[in-house]
Number of protein chains: 2
Amino acid sequence: MRGNVAKKLQEPKSASSPASRSYRIEEQVGYLLRRAHQRASAIFQVGIGDPNITPTQYSSMVKLNEYTELSQNLLGRLVGMDKATMQGVVRRLKERGLVDSRPDPGDARRTLLSLTTEGQRLVNKLLINGPAVSRETMKPLTAQEQRQLLELLSKIV
Amino acid sequence: MRGNVAKKLQEPKSASSPASRSYRIEEQVGYLLRRAHQRASAIFQVGIGDPNITPTQYSSMVKLNEYTELSQNLLGRLVGMDKATMQGVVRRLKERGLVDSRPDPGDARRTLLSLTTEGQRLVNKLLINGPAVSRETMKPLTAQEQRQLLELLSKIV
DNA sequence: CCCATATCGTTCGTGTACGCACGATGGCCA
DNA sequence: TGGCCATCGTGCGTACACGAACGATATGGG
């Protein structure tokens, strides 16, 4: 296709306003984070080993694998998801028989979540591919840059 | 509230499998990118000056402000959005009278997009807040770390 | 000139993401 | 002990995000 994007483009208006000392959207953190997150998700999807498992579902299962049993709200805090978002993620995992729930005997407001045997089996299979997904995502970086990126991201989360 | 998350937590199963040399989800790029993107979006929403404008809508308007007129597909490529996603973003911007469209006289498949006067007025107002939003997002970092982060993110996008 | 192939925009389905409001429950303090 | 306030999970509305399928249009090679 040789699609040359710049082909029939007019020049950017540029030097538009005097105050804007070159504000380029491509250089803003928020923009770059969105793009980087998109790419990471795409790599995850092909590399994790099950096209039906999403990054958030994976995070949730990994945490449930660590803690055995967690309330829905606490799980959400541990993986950084809104309770409304968590609700949807958990519902889909339950529909697929990967997660089970029971009322918390000590607090009737809570639902305790845990992996089913099937869920445990799956997450242990996916965990094998986890490191490779992370490696692939950071492939363009040197080892030192990879450590830097992780450190910097940790600071702004 | 003093909500101590670790209160009634069982110990993580830890040291579970011999092969897993401490794979922590919190240290994976994909996970950190998701969290960082969430935080950046939240900061954008309160800082950009109009709670009804989303980051993607903003990016689109900024690009249209630079180029005056673009096809929907090309705009999508410039701001890193799928054509299906672009369709929804553009539809909402049109519904609010911020963007106009006309058929491309030279290619009947294309739709040419441009900002309305109202859209131009708005984006120029929002652009004033853009730098502050980026600053706030990277506040936890030193000036040097901020430059590093932008550089590293550029490489993995 | 015609047809295979590509591009453009739309639609549908699924899945995050989150604010808000709601009802039920729990904890604490007057 | 009774009432106030916080927490828990759910439901609703809106907005990205993207694969897949679709019809209309463009283009280039035979």
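Just so we're on the same page: letters track the sequence lines, and every chain starts at 1. Keep in mind that the numbers below use all heavy atoms, side chains included, and drop hydrogens, waters and symmetry copies.
- The pair A/R39-A/E136 does not meet the salt-bridge criterion, since no charged nitrogen lies less than 4.0 angstrom from a carboxylate oxygen.
- One finds a side-chain N or O of A/R96 lying less than 4.0 angstrom from the OP1 or OP2 phosphate oxygen of C/dG15.
- Side chains of A/T111 and A/Q72: a donor-acceptor N/O pair is absent below 3.5 angstrom, by distance only.
- Atom pair A/L93:CG and C/dG15:P shows a separation of 10 Å (rounding to whole Å applied).
- Linking Ile, Leu, Val, Met, Phe, Trp and Tyr residues whenever their side-chain heavy atoms come within less than 4.5 Å leaves B/Y67 and B/L112 in two separate clusters.
- A heavy atom closer than 4.0 Å to some atom of DNA chain C occurs in A/T54, A/T56, A/Q57, these being the qualifying members of residues 41-59 of chain A.
- The pair B/E69-B/R102 meets the salt-bridge criterion, with a side-chain N (NZ, NE, NH1 or NH2) lying under 4.0 Å from an Asp/Glu carboxylate O.
- Which of C/dG26, D/dG11, D/dG9 sits closest to the side chain of A/S71 comes down to D/dG9.
- Atom NZ in B/K83 sits about 15 Å away from atom P in D/dA24, given to the nearest Å.
- In this structure, CZ of A/R91 is placed 11 Å from P of D/dC12, rounded to the nearest angstrom.
- Criterion: ILVMFWY side-chain heavy atoms under 4.5 Å apart, direct or through other members. Under it, A/M86 and A/L115 are part of a common hydrophobic cluster.
- We find that CE of B/M86 is positioned 12 Å from P of D/dC18, with the value rounded to whole Å.
- By the 6.0 Å contact criterion, CD on A/Q144 is open, its count of non-hydrogen atoms from other residues, nucleotides or ligands being 12 or less.
- Between A/R77 and D/dC8, a side-chain N or O to OP1/OP2 separation shorter than 4.0 Å is present.
- Using a 4.0 Å cut-off between charged side-chain N and carboxylate O, B/E95 and B/R92 make no salt bridge.
- Each of A/Q87 and A/R39 was matched to the nucleotide of DNA chain D holding its nearest heavy atom; the match closer to the 5' end belongs to A/Q87.
- When rounded to the nearest whole Å, the span between NE2 of A/H37 and C1' of D/dA15 equals 14 Å.
- At whole-Å resolution of the value, CG in B/L113 and C1' in C/dT10 are 14 Å apart.
- Judged by closest nucleotide on DNA chain C, B/L112 is the one of B/Q38 and B/L112 placed further toward the 5' end.
- Straight-line distance from the OH atom of B/Y31 to the P atom of C/dA17: 11 Å, rounded to whole Å.
- Between the CZ atom of A/R109 and the P atom of C/dG27 there is a distance of 6 Å, rounded to whole Å.
- Heavy-atom nearest nucleotides on DNA chain D were determined for A/Q72 and for B/D82, and the one closer to the 5' end corresponds to A/Q72.
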